[in-house]
Amino acid sequence: MSNSKALQKLFAVPFGIWSVLFIVLPLFFVLWHGLTDGNGAFSLENLTTVLQWEYLKALGLSVELALVSTVICLLVAYPLCLILQGLRKAKGIMIFLLFLLPLWMNSLLTTMAWQTILEKNGILNEILRSCGLPDFTLINTPAAIIIGMVYNFLPYMALPLYVSISRIDHSIIEAAWDLGANRWQTFRHVMVPLSMPGIVSGCTMVFIPALTTFVISALLGGNKILLIGNIIEQEFTAAYDWQLGSALSMVLMVFIILNILLEAFTESKNSRKKVKA
Amino acid sequence: MRENVKKFYLGLIVLFMYAPIAVLIAQSFNASRYRGQWTGFTFQWYAALIENEDIMNAFLNTVSIGMLSAVMATLLALVTALGMRRMGSRGRIFFRGLANIPLLNADIVTGISLMLLFLGLGLRLGYDTILMAHVVINLPYAMLCILPQVLMMDRVCYEAALDLGATPAQAFSRVILPELKPGIMAAFLLSFAMSADDFIVTYFTKGAGIETLTTEIYAELKLGIHPEMYALSTLFFGAVVVLVSLLLFNYRVIRRYRKAEKRGAEE
Amino acid sequence: MKLEHINKSYEDRQILEDLNLTIHENEFLTLLGPSGCGKTTILRMLGGFETPDSGRILFDGRDITSLRPEKRQVNTVFQKYSLFSHMDVAENIAFGLKLKGKSQNYIRDKIKFALKLVNLDGYEHARVTQMSGGQQQRIAIARAVVNEPKVLLLDEPFSALDLKLRQSMQREMVKLKKELGITFVFVTHDQQEALSMSDTVVVMNQGWIQQIGTPESVYNEPENAFVADFIGDSNIIDGIMVRDKLVHLLGKDIPCINTGFGENVPVDVQIRPEDIQICSPEEGQFRGVIRQVVFKGTVYDITVEAGGFSWLIQTITGHEQGAEVGICLAAANIQIMAKPSSEDEEAVSDE
C-alpha cells in the first residue's frame with residue numbers, strides 16, 4: 001500500500017519540473033536582466049534609472065488610476081451584490097450571469113468601442129447634443145482610462161464579492177435588526193466584516209491588472225498618458241532596453257507581492273477563526 | 001419606490017456593461033469601413049469574413065492553440081492533483097502556491113518573463129512558444145477546477161472497485177474518471193476561454209509572422225479594424241448568448257420538473 | 001400582545017387565515033404544529049421580519065404591525081443561532097447594548113450576568129465558531145435577553161441539539177423564564193417539548209389554530225382528531241354517538257362520559273394507549289389477538305387486533321405475542337370529538 005502511495009506521489013513530479021522551468025526560472029530571467037548591464041555584469045544602474053522623475057511619475061499615475069478604479073469598482077459592485085442577494089437565489093444567479101456575459105466579448109474590441117462612445121464626435125456627445133447639452137470630451141483623459149478599467153475589471157470585483165455576500169445567511173441580518181441595529185448599522189457592523197474576504201480578493205483582482213495594463217491606456221489615453229505598463233511595453237518592443245524593462249517589471253512585482261501578502265493575511269485571519277472551531 | 005431604485009440601478013449597470021457591445025454589433029452591420037459614422041445597413045462583412053485570410057488564419061491559430069493548451073493544461077492539472085492527494089498539507093500548500101503564481105502575477109510580467117526565458121534558451125518565438133505560454137497561464141485555472149474535486153474524492157469507491165475485482169487501471173477509468181468528469185470539463189472550458197481571450201502574454205511570446213485573434217485586433221487597431229472582425233465577434237458573442245440561454249432554459253425546465261415531482265410526492 | 005384577523009400568503013399559498021391570538025404578560029406560550037403550519041410565520045410577524053397581508057398586531061395596545069424589528073421591545077432566538085462569527089462571545093452579547101449607547105460598566109456587568117444566567121461564565125473571549133451547538137444556543141439566548149425585551153421569541157431553538165442536551169435545555173428554559181419574569185413565545189414541532197415547558201399550548205395546522213389550552217387540557221381533552229393524533233399516541237376510531245354517555249364503537253355500544261353531541265351523530269373517538277387495560281378474553285368489551293410486542297424501555301407497545309381495528313396499547317408488564325386477550329375501556333378514558341366541519345381542518349390521515 002505504502003509503495004503505491006509513494007508511486008502516486010510521483011505524479012506530481014512533472015508539475016514540479018514544469019513549475020521550475022516555466023514559473024520560477026522566467027522570474028529569475030527578469031531579475032537577472034534587471035540586475036545586470038548589457039554585458040552581463042552585475043549592476044544597479046537599471047534600478048537607479050527607474051528612480052528618474054518620468055518613471056516615478058508614470059508609476060505614481062498608474063497607482064493613482066488603479067486605486068481610483070478599484071474603489072469605484074467596489075462602490076459599484078457592493079450595492080449590486082446586495083441587491084442580487086435580496087432576490088431569490090435562482091433569479092440572482094441569472095442576473096449575475098448577465099453581468100458576466102460581456103466577458104466573452106474580446107476586451108480589446110470593447111475597449112475600442114468605448115473610444116467610439118467617448119470621442120469628440122462620439123455617441124455620448126451626439127446624445128448630449130441632441131438633448132441640447134454641452135459637449136463633454138472624455139477621450140484621452142485619465143477619466144476615460146478609469147472608465148475603461150472599471151468596465152474591464154468590474155466583473156472581477158463582483159465575482160468574489162457576490163460569492164462572499166451570498167454566503168451570509170439572511171437570519172444573521174435579521175438577528176442584527178432584532179438586536180436594534182438599523183439598516184446602516186447592520187451594514188457597517190455585520191455585512192462589511194463578514195464579506196471582508198470577498199472585498200479583499202476583489203480589490204486585488206482589480207488593482208493588479210489595472211496597475212499593469214497598457215492596452216486600456218493606449219486605447220483611451222491616446223498615447224499621451226503613459227502608465228507604467230506602457231513604458232515597460234515600449235522598452236521591450238520599441239526601445240529594446242530589456243534591462244530597464246526588467247527593472248521596471250521588478251517594481252511591479254513588489255506591488256504584486258504586497259498584494260499577495262495582504263490577501264494571505266486576511267485569509268489566515270479568517271481561517272484561524274475557523275480552525276479554532 | 002425602493003424596488004424601483006434597485007431596478008434602476010441594475011438597469012444602469014446593464015446599460016454600462018452592454019453599451020460597448022451594442023456599439024460593436026452595430027458596427028458589424030455598418031456599411032462604412034470607419035467606425036463612428038453610420039452609412040447604412042449591410043451584411044457584406046459577414047460574407048467577406050470567410051475570404052479574409054488574415055482573420056481566418058488568426059482565428060484558426062486561436063482555436064488550435066486554445067484547444068491544445070487547454071488539453072495539455074487539463075491533463076497536467078489532473079495528474080498533478082492525483083499526486084497531491086498523497087501529499088501532506090505542507091506539500092499541498094507549497095504546490096498550490098507555486099501553481100497560483102501566474103494567476104496572481106500581472107500578465108505583463110508573466111509575458112515578459114516567458115519571453116526572456118524562451119529567448120534565453122535560444123528558442124525562436126512562434127506558434128510553439130505561444131502554446132507553451134498558454135499552458136502556463138491556463139494551468140492555475142485548470143487546477144482550480146480539478147484539485148478540490150480530487151481532494152474531496154472518496155477513497156472508498158476506488159477501493160470498492162478493486163474489491164470487486166477491477167484492476168487499478170479499470171478502477172481509474174470506470175470509477176475515478178467519471179467522478180471527476182465535471183471538474184475536468186470545467187477545467188478544459190475555462191482553460192480554453194482564458195487562452196482564447198489572452199492578449200498580453202501572447203503579444204510578448206508570439207514573435208513575428210504569426211497572429212492570434214487578439215494580437216490581430218491589436219495590430220489592426222492602429223490602421224482601423226477590418227469590419228469583418230466585428231462580424232466575427234458578433235457571431236461569437238451571439239453563439240455564447242444562445243448557449244448560455246439554452247443552459248439556463250434547461251436548468252429551469254429541470255427545476256420545474258423537480259418541483260412538480262416534489263409536490264407530487266408530498267400529496 | 002394581540003394578533004387580530006391576520007392573513008398571510010406567499011405566492012398563491014395561504015399560510016395564515018383570519019388568525020386571532022392573544023399572548024398574555026408573563027406567559028410561556030408555545031406554538032405547536034407540523035412544519036408548514038404557519039407557526040414560524042406568526043413568530044416572524046411578532047419579531048417584525050414579516051408583515052401580514054391584512055390584520056393588526058398590537059403590543060400593549062399599540063399598533064406595531066409595520067414597525068421595523070429594531071424598534072420593537074422584542075428579541076428573537078433564531079433556529080440557526082445566527083451568531084456573528086466575526087465577533088467573540090462578549091462582543092456578540094454586547095452588540096445590542098452598544099447600539100443603544102450603554103456605558104462600558106453597564107455592558108460589562110450585563111455580559112457577566114447573562115453568561116451566568118446561561119451557565120457559561122468565563123467564556124467572554126471565546127470564539128463563537130469554536131463552541132458546540134448547545135453552547136452557541138445559550139449565547140444566542142444570552143445575546144437576546146441582555147436587551148431586556150418584554151417578550152422573548154424562540155424559533156425551534158433546540159431542533160439541532162441531540163435528545164439529552166435538548167431535555168436539559170428545556171429544564172433550563174423553564175428556570176430562565178422564572179428568573180427573568182418575561183413573556184416567552186416558543187415555536188416547536190416537538191409535542192414533548194411543548195407539553196413539558198409551556199403554560200399555554202397553541203396547536204396549529206395548515207394556518208388554523210386547532211386548540212388553545214394548558215398542556216393538560218390539550219393532552220387529555222383534545223378538541224378534534226388532529227390534536228389528539230398530533231399530541232401523544234392515540235387510537236382514533238370512527239364512532240356514532242347514540243345518545244349522551246353512550247357511543248357505538250366497532251359494533252358495540254360502549255358507555256362514556258361525554259354529553260351534548262346529540263343523538264346518532266358521527267364522531268371521532270379517542271382512547272390513549274396507556275388508558276386501555278388488557279384483561280382476560282371473557283371480561284373484555286372486545287376480544288382480540290396480540291399481533292406485536294415492542295419493548296420501549298419503560299413500557300411495552302402492544303398491538304392488538306380486535307373488533308376489526310388495530311389497537312395500540314401501552315402496558316408496564318409484558319405479554320405473549322399471539323395470545324388471545326380482551327380489551328377493557330373505562331368510561332372516563334374515552335374522549336369523544338366532533339368530526340371536522342370542513343376539509344381544511346382535516347389533515348390527520350395524510351401522514
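Computed over heavy atoms, backbone and side chain alike; hydrogens, waters and symmetry mates excluded. Naming convention: chains lettered A, B, ... in sequence-line order (proteins, then strands); numbering from 1 in each chain. The structure presented is a predicted model; accordingly, all values stated were derived computationally and were not measured.
Proximity of a side-chain donor or acceptor of B/Y218 to a complementary backbone N or O of A/V215 within less than 3.5 Å is not detected. Looking at B/Y9, its side chain does come within 3.5 Å of a backbone N or O of A/V76 through a donor-acceptor pair.
Within the 4.5 Å cutoff, no side-chain heavy atoms of A/T116 are placed close to those of B/L24. Looking at heavy atoms from C-beta onward, A/F22 lies in side-chain contact with B/F118 at the 4.5 angstrom threshold. Put simply, the side chain of B/T214 reaches to within 4.5 Å of the side chain of A/L108, judged on heavy atoms. The shortest distance between side-chain heavy atoms of B/P102 and A/I23 falls below 4.5 Å. Put simply, the side chain of A/M105 does not reach to within 4.5 Å of the side chain of B/P20, judged on heavy atoms.
With a threshold of 4.5 angstrom between heavy atoms, A/L27 approaches chain B through its backbone and through its side chain. The part of A/I117 that comes within reach of chain B is its side chain, from C-beta onward, which places non-hydrogen atoms under 4.5 angstrom from that chain. Looking at B/L12, neither its backbone nor its side chain comes within 4.5 Å of chain A, counting heavy atoms on both sides. In this structure, the portions of A/L80 lying under 4.5 Å from any heavy atom of chain B include both its backbone and its side chain. Both the backbone and the side chain of A/P79 come within contact range of chain B, with heavy atoms under 4.5 Å apart. Using a 4.5 Å cut-off between heavy atoms, B/F95 contacts chain A through both its backbone and its side chain. A/I123 touches chain B through its side chain: at least one heavy atom from C-beta onward sits under 4.5 Å away, while N, CA, C and O do not. When heavy atoms are compared at a cutoff of 4.5 Å, A/S246 approaches chain B solely by way of its side chain, counted from C-beta outward. Only the side chain of A/F236 comes within contact range of chain B, judged by heavy atoms closer than 4.5 Å. Residue A/I93: no heavy atom, backbone or side chain, is found under 4.5 Å from chain B. With a threshold of 4.5 angstrom between heavy atoms, A/T204 does not approach chain B through any atom at all. Contact of A/L109 with chain B is made through backbone and side chain together, with heavy-atom distances under 4.5 Å. Contacts of A/F255 with chain B are absent, with no heavy-atom separation under 4.5 Å from either backbone or side chain. With a 4.5 angstrom heavy-atom cutoff, A/L101 touches chain B via backbone and side-chain atoms both. When heavy atoms are compared at a cutoff of 4.5 Å, A/P209 does not approach chain B at all. Residue B/A196 does not touch chain A at all, counting heavy-atom pairs closer than 4.5 Å. Proximity to chain A (any heavy atom under 4.5 Å) is shown, for B/A99, by both the backbone and the side chain. Heavy atoms of A/I147 lying under 4.5 Å from chain B belong to its backbone as well as its side chain.
Note that the CH2 atom of A/W18 and the CE atom of B/M132 stand 7.5 Å from one another [nearest 0.5 Å]. For the atom pair CG of B/L117 and CG of A/L25, the computed distance is 5.5 Å after rounding to the nearest 0.5 Å. Going from atom CG of B/L119 over to atom NE2 of A/H33 covers 8.0 Å, rounded to the nearest 0.5 Å. Atom CD1 of B/I108 is separated from atom CD1 of A/I232 by 4.5 Å, given to the nearest 0.5 angstrom. Considering CD1 of B/I200 and CD of A/E233, their distance stands at 9.5 Å, rounded to 0.5 Å. Expressed to the nearest 0.5 Å, how far CZ of B/R85 lies from CZ of A/F11 amounts to 11.5 Å.
Minimum interatomic distance between A/I256 and B/A106 (heavy atoms only, all atoms of both residues): CD1-N, 3.5 Å. Closest heavy-atom contact between A/P102 and B/Y18: CD-OH, 3.6 Å. Of all the heavy atoms in A/W242 and B/L116, the pair that sits closest is CE3-CD2, 3.5 Å. The two residues A/S249 and B/I112 come nearest to each other via the heavy atoms OG-CD1, 3.8 Å. Taking each heavy atom of A/L154 and B/I13 in turn, the nearest pair found is CD2-CG2, 4.4 Å.
In terms of heavy-atom pairs under 4.5 angstrom with chain B, the leader among A/N259, A/V24, A/L211, A/T237 is A/T237. Highest contact tally toward chain B, considering only A/V13, A/I208, A/N106, is held by A/N106 [criterion: heavy-atom pairs under 4.5 Å]. For chain B, the option among A/V30, A/L252, A/I83 with the highest count of heavy-atom pairs below 4.5 Å is A/I83. Taking chain A as the reference chain and counting heavy-atom pairs below 4.5 Å, the highest number among B/L213, B/L221, B/T234 is found for B/L221. Per-residue heavy-atom pair counts under 4.5 Å with chain A were compared for B/L76, B/I225, B/D197, and the maximum is reached by B/L76. Highest contact tally toward chain A, considering only B/L103, B/V244, B/N105, B/D107, is held by B/N105 [criterion: heavy-atom pairs under 4.5 Å]. Highest contact tally toward chain A, considering only B/T110, B/L114, B/V240, B/N100, is held by B/V240 [criterion: heavy-atom pairs under 4.5 Å]. If you tally non-hydrogen atom pairs under 4.5 Å between each of A/A113, A/A12, A/P26 and chain B, the highest count goes to A/P26.
Enclosure of atom CZ in A/F15 by more than 12 non-hydrogen atoms of other residues, nucleotides or ligands within 6.0 angstrom is indicated. With a 6.0 Å radius and a threshold of 12 heavy atoms from other residues, nucleotides or ligands, B/F94 has its CZ atom at or below the threshold. Remark: A/W104 CH2 is loosely packed, at most 12 non-hydrogen atoms of other residues, nucleotides or ligands lying under 6.0 Å away.
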### Task
Verify ring pair (Phe, Tyr, Trp, His ring centres under 6.0 Å) between B/Y203 and A/F214, making sure each step is shown before the conclusion.
CA-CA 12 Å; B/Y203 178 70; A/F214 65 90; 5.7 Å; yes
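Residues A/F99 and B/F16 place their aromatic rings such that the two centres sit no closer than 6.0 Å.
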